Every structure is written in C-alpha cells, then in structure tokens.
A.B. asks: 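Quick one: structure below, then a few questions.
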Amino acid sequence: MREMKDSGIEWVGNIPATWKSIQIKNLFTILSGATPTPDTDNWDGDVLWITPADYKTKDKYVSGGKRNISQQGFNTCSTSMIPKGSIIFSKRAPIGTVAINTEVLCTNQGCLSCVSKSDTCNDYYYYVMSVGTEHFELLGSGTTFKEISANSFSNCKLPCPDKCEQEKIAFFLDERCSAFNCLISDIQSQIETLEEYKRSVITEAVTKGLDPDVEMKDSGVDYIGKMNAKWKLTKLRYICEKLNRYFTSDAEPLICSNKGEVFPRGENSFGLVSDNDKMFQGVHKGDLLIHGMDTWHGAIAVSDYDGKCTTVVHVCDSEQNKYFICYFLQMLAFKSVYKAISNGVRENTSDFRSWDKAGHIYITIPDIDEQNRIAEYIKEMVEHINAIIAEKKQQIETIEEYKKSLIFEYVTGKKEVQA
C-alpha cells in the first residue's frame with residue numbers, strides 16, 4: 001500500500017506521497033480559438049477547424065470538423081494552429097468535454113487547447129481532465145450559457161506523477177477503456193436496431209393495417225405510394241380541426257418534443273419561446289399536437305397533459321382516432337417526407353407553421369374500429385420496445401459510471417497499475 005498525502009485539490013483528494021499537484025498553466029500553453037466572419041472567402045478552405053460539437057461524443061480523438069476555414073479566414077481571426085497530440089478542452093456547451101487532436105488544426109472560441117510545454121504524457125492528462133468535468137463546471141459562469149475562462153482553467157491544479165508512471169497509467173486505461181467502449185458500441189447498435197424496428201412496426205401498421213396479406217393499391221401520392229385498397233385517402237384538414245383554446249396564465253407550459261412526446265417544461269427552458277402569454281395557446285389532455293417547424297423529426301404527439309404550448313404548434317381535435325393520426329404523421333417523418341415537401345427556414349427543418357399548408361398533408365385511414373385496433377397494437381408494441389431500449393440505455397449508463405470511476409482511481413493514484 002503506497003503512502004498517500006492530501007493533494008490540495010478538493011475533487012482529487014489524496015494522491016501518492018511522491019506525486020505533485022501542478023497548475024495546468026505550468027504543464028501546458030493554453031491557446032484560445034476564434035471564428036472567422038461569415039464572408040464566403042473565409043470558409044470551405046483547407047484549414048481544419050473544429051468546435052466543441054465536433055468532439056462531444058465519447059471518442060478520445062478528433063481529426064477535423066464539419067466545416068473547414070480558408071487561409072484567409074485563419075489570417076483574419078485570432079485562432080491558432082494546434083500541434084497534433086494536444087488536448088482540446090470544451091470551455092462551454094458543455095464544459096469539460098476533451099479530445100486529443102490527431103491532425104494539426106485550429107478551433108473556435110468554444111475551445112481551449114492545451115499544448116504541452118513540459119515533459120508530460122498528454123494521454124494521461126486527457127484522462128485526468130475527462131473525470132474532472134464536475135469541478136470544471138463549477139468554475140463556469142454566465143447568464144446565457146455557462147463558460148469557464150482561460151484564466152480559471154489555467155489556474156486549476158492537477159495531479160502529476162512522473163512521466164514514466166503517467167505513460168503506464170495511460171496505456172493501462174487505453175486498454176481497459178477500449179474494452180468498455182466496444183461493449184458500449186455494441187449496446188448502442190442494439191438500441192439503433194430496436195429504434196429501427198419500432199419505426200417499421202409503426203410504418204407497417206399505419207400503411208397496411210394488421211393483415212400482412214391485405215390487397216394494396218396505388219395512392220396516387222408520391223410520398224405515400226401503395227395504400228391499403230380498403231382505406232380512404234384524404235387530407236389532414238378534412239379530419240382534423242385546428243383549435244385555439246383558452247388558457248389561464250398559470251397553466252403548465254408544455255413542450256412537443258422531438259421524441260414524439262408532450263411533457264411539462266418544468267425548470268428546463270428548452271422549447272420556451274417567450275414568457276408572453278400572447279405566444280401561447282391552451283392544450284387539453286387528449287389533444288393532437290403537430291409542431292409546425294419540427295415535424296421533420298417527428299415532433300407530433302397526443303398530449304397527456306392540460307396546459308399551454310407555443311403557437312408554433314398546431315393543437316388539433318378529431319373525430320377519428322388521434323393516436324392513429326399521430327402515428328401516421330410520425331411515419332411520414334421517418335420517411336423524411338416533410339423535408340421533401342417543404343422548405344424550412346433553417347437547415348434540416350420543415351415549415352408547416354401555416355395550418356393551410358399543414359392541412360394539405362395526405363393521410364390514408366381505415367374505418368374507426370380498425371383505427372382503434374391499429375392504434376392499440378402500436379401503443380403496446382412501442383411501450384414494449386421502449387422498455388427494452390430503456391434497459392439498454394441503463395446498461396450503457398452503468399458502464400460509463402464504472403469506467404469513469406476506474407479512470408479516477410488510477411489517475412489519482414488510489415489504485416496502482418501493476419507491473
């Protein structure tokens with residue numbers, strides 16, 4: 001058992017007596033990034049440029065971003081070229097995500113780059129910083145979003161064993177984390193397969209019904225294609241009534257989410273357009289909500305709540321089965337229909353804020369009894385699949401927690417890598 005001492009770093013606790021605690025600024029030169037102006041000549045060149053969004057996954061390495069900048073763009077802003085093998089730290093959105101760059105590149109202002117200026121193993125410090133996220137988050141400040149300053153980050157202390165032990169710890173953690181990551185990747189693939197199966201269940205049921213051998217006919221609508229020969233082709237405006245419900249100012253704000261669910265906003269400001277009641281409308285339990293801007297990724301749901309929501313959402317009633325209509329409209333989102341038939345005001349959107357436009361969406365429907373049977377079948381299947389997905393996600397969370405705990409134990413010297 002090694003002799004331990006207080007590191008003087010609250011979140012680290014004790015470290016081996018032979019280790020030191022050193023400020024980040026004494027280990028690394030800290031470089032900030034920047035974004036060129038929107039001028040066309042500043043973009044889409046050969047200079048690799050990244051933002052925190054380019055390495056917010058669990059990957060250890062980052063080799064480039066979604067968009068490059070030109071040499072002119074680089075010359076006209078205050079970003080810096082970062083030697084490969086450096087540590088890229090996200091100073092916001094979220095604070096504390098880290099990666100090691102495998103190519104020489106530059107960053108935007110959301111990143112702090114740690115360029116080694118002493119005899120250090122950057123892989124070791126990648127792992128140290130990866131488990132210090134909560135501490136770095138506490139040092140953030142700001143009203144619109146939290147951000148940690150370069151000065152606050154630079155003054156943080158980290159544990160510092162000798163170079164040989166840093167390398168030994170990093171090598172050990174690379175091997176162990178690689179095994180964990182493979183397991184997580186396998187479970188994530190299972191989740192994606194289940195999500196695809198769920199979409200196929202909904203698609204089959206709302207286009208064919210529950211009889212796999214049913215006779216089909218051409219609908220005459222490109223984005224629908226074949227339809228059940230016994231069903232009726234109609235438009236949304238003929239079966240749904242757009243409402244303008246009254247609400248009280250203390251009504252619960254609701255969000256029609258990208259996951260095809262309606263839920264209370266609570267303390268989360270996501271989805272809130274304004275605190276001005278003129279920007280809201282009433283919602284009753286059982287209303288069908290169709291998001292006029294986010295239809296493209298399935299923001300369509302039947303509400304389980306009374307409350308109020310933004311006027312960007314169409315609040316509808318129908319004498320037909322609203323769950324069947326909801327599933328059908330979600331199916332069109334799976335098939336990217338909304339993006340194909342509507343030009344959004346921003347990339348990857350659809351714009352159906354006009355009810356006149358939304359009302360022209362085609363839908364195929366059976367009689368009400370068959371709608372009820374189909375909706376109930378889909379509901380049961382979706383609940384079953386979602387339960388399995390939730391279990392898989394919990395498995396990933398458990399593995400991630402164990403991996404983080406393992407990293408912490410070794411990078412702080414509480415456990416020693418055996419020879």
Side-chain angles (χ1 to χ4, degrees), residues 2-31 55 57-63 82-91 95-105 107 111-137 139 148 150 153-182 400-419:
R2 289 190 288 187
E3 181 184 352
M4 305 293 283
K5 68 178 182 182
D6 182 9
S7 67
I9 309 169
E10 185 176 358
W11 68 272
V12 170
N14 289 338
I15 58 174
T18 58
W19 290 23
K20 301 176 183 177
S21 296
I22 298 181
Q23 287 180 308
I24 291 175
K25 64 184 178 183
N26 293 322
L27 296 166
F28 301 95
T29 298
I30 308 301
L31 300 176
Y55 60 96
T57 64
K58 300 298 181 182
D59 293 337
K60 180 179 179 181
Y61 300 104
V62 60
S63 58
I82 310 303
K84 63 182 178 180
S86 302
I87 300 173
I88 313 296
F89 177 92
S90 171
K91 61 187 290 190
I95 294 174
T97 304
V98 288
I100 294 177
N101 59 314
T102 59
E103 302 291 338
V104 177
L105 48 73
T107 78
C111 306
L112 294 173
S113 299
C114 304
V115 180
S116 179
K117 64 178 182 180
S118 60
D119 193 24
T120 60
C121 172
N122 284 2
D123 291 84
Y124 167 77
Y125 282 104
Y126 159 82
Y127 284 115
V128 176
M129 292 182 193
S130 75
V131 294
T133 306
E134 292 179 7
H135 169 70
F136 294 128
E137 182 75 28
L139 297 177
I148 184 172
F153 175 72
S154 298
N155 286 321
C156 289
K157 286 185 176 182
L158 299 179
C160 183
D162 64 51
K163 176 76 174 297
C164 181
E165 188 158 12
Q166 290 178 30
E167 291 175 341
K168 186 165 63 173
I169 293 170
F171 181 78
F172 170 80
L173 290 175
D174 278 344
E175 287 191 328
R176 295 298 299 272
C177 290
S178 177
F180 289 135
N181 292 341
C182 285
E400 290 285 7
E401 288 175 356
Y402 179 75
K403 183 174 75 169
K404 184 174 180 179
S405 175
L406 181 82
I407 293 171
F408 177 81
E409 293 291 314
Y410 281 94
V411 299
T412 60
K414 294 171 179 61
K415 287 187 178 179
E416 184 176 7
V417 178
Q418 300 302 315

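Small disclaimer: the values here were computed from a predicted structure and weren't measured. Keep in mind that the numbers below use all heavy atoms, side chains included, and drop hydrogens, waters and symmetry copies.
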A.B. asks: Using the six-membered ring wherever Trp is involved, compare the ring planes of Trp11 and Phe408 and label them parallel, tilted or perpendicular (cut-offs 30° and 60°).
C.D. replies: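 Rings of Trp11 and Phe408: tilted, as their planes differ by 30° to 60°.
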A.B. asks: Look at atom NZ of Lys404 and say whether more than 12 heavy atoms of other residues, nucleotides or ligands are closer to it than 6.0 Å.
C.D. replies: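 Counting other residues, nucleotides and ligands, NZ of Lys404 exceeds 12 neighbours.
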A.B. asks: Is Glu401 atom CD crowded by more than 12 heavy atoms from other residues, nucleotides or ligands, each under 6.0 Å away?
C.D. replies: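 More than 12 within 6.0 Å, yes.
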A.B. asks: Within the distance-only criterion (no hydrogens, no angle test), does the side chain of Asn101 pair as donor or acceptor with the backbone N or O of Pro83 below 3.5 angstrom?
C.D. replies: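 Here the side-chain-to-backbone pair exists.
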A.B. asks: Decide yes or no for Ser7 and Trp19: does some side-chain heavy atom of the first lie under 4.5 Å from some side-chain heavy atom of the second?
C.D. replies: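 When only atoms from C-beta onward are counted, Trp19 and Ser7 do not touch, as no gap falls below 4.5 Å.
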A.B. asks: Tell me whether the count of non-hydrogen atoms from other residues, nucleotides or ligands lying under 6.0 Å of NZ in Lys20 goes above 12.
C.D. replies: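 Counting other residues, nucleotides and ligands, NZ of Lys20 stays at 12 neighbours or fewer.
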A.B. asks: Run through Asp123, Asp119, Asn122, Thr120 and flag the one making a side chain to side chain contact (heavy atoms under 4.5 Å, CB included) with Gln166.
C.D. replies: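 Among the candidates, only Thr120 passes.
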A.B. asks: Are Tyr410 and Tyr127 an aromatic pair, judged by ring center distance below 6.0 Å?
C.D. replies: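 Centroid separation for Tyr127 and Tyr410: 6.0 Å or greater.
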A.B. asks: Quick test of your reading of the model: are Glu400 and Lys403 salt-bridged, counting only N-O distances below 4.0 Å?
C.D. replies: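 Salt bridge between Glu400 and Lys403, a charged N being under 4.0 Å from a carboxylate O: yes.
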A.B. asks: More than 12 foreign heavy atoms under 6.0 Å from NZ of Lys5: is that the case here?
C.D. replies: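 Yes, enclosed.
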A.B. asks: In sequence, state the C-alpha distance, the side-chain angles, and the governing distance for Glu409 and Arg176, and then conclude on salt bridge (Lys or Arg N to Asp or Glu O under 4.0 Å).
C.D. replies: CA-CA 13 Å; Glu409 293 291 314; Arg176 295 298 299 272; over 6 Å; no
A.B. asks: Assign the ring pair Phe136 / Phe153 to parallel, tilted or perpendicular, where the plane angle (0 to 90°) is split at 30° and 60°.
C.D. replies: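 Geometry flag for Phe153 against Phe136: tilted rings.
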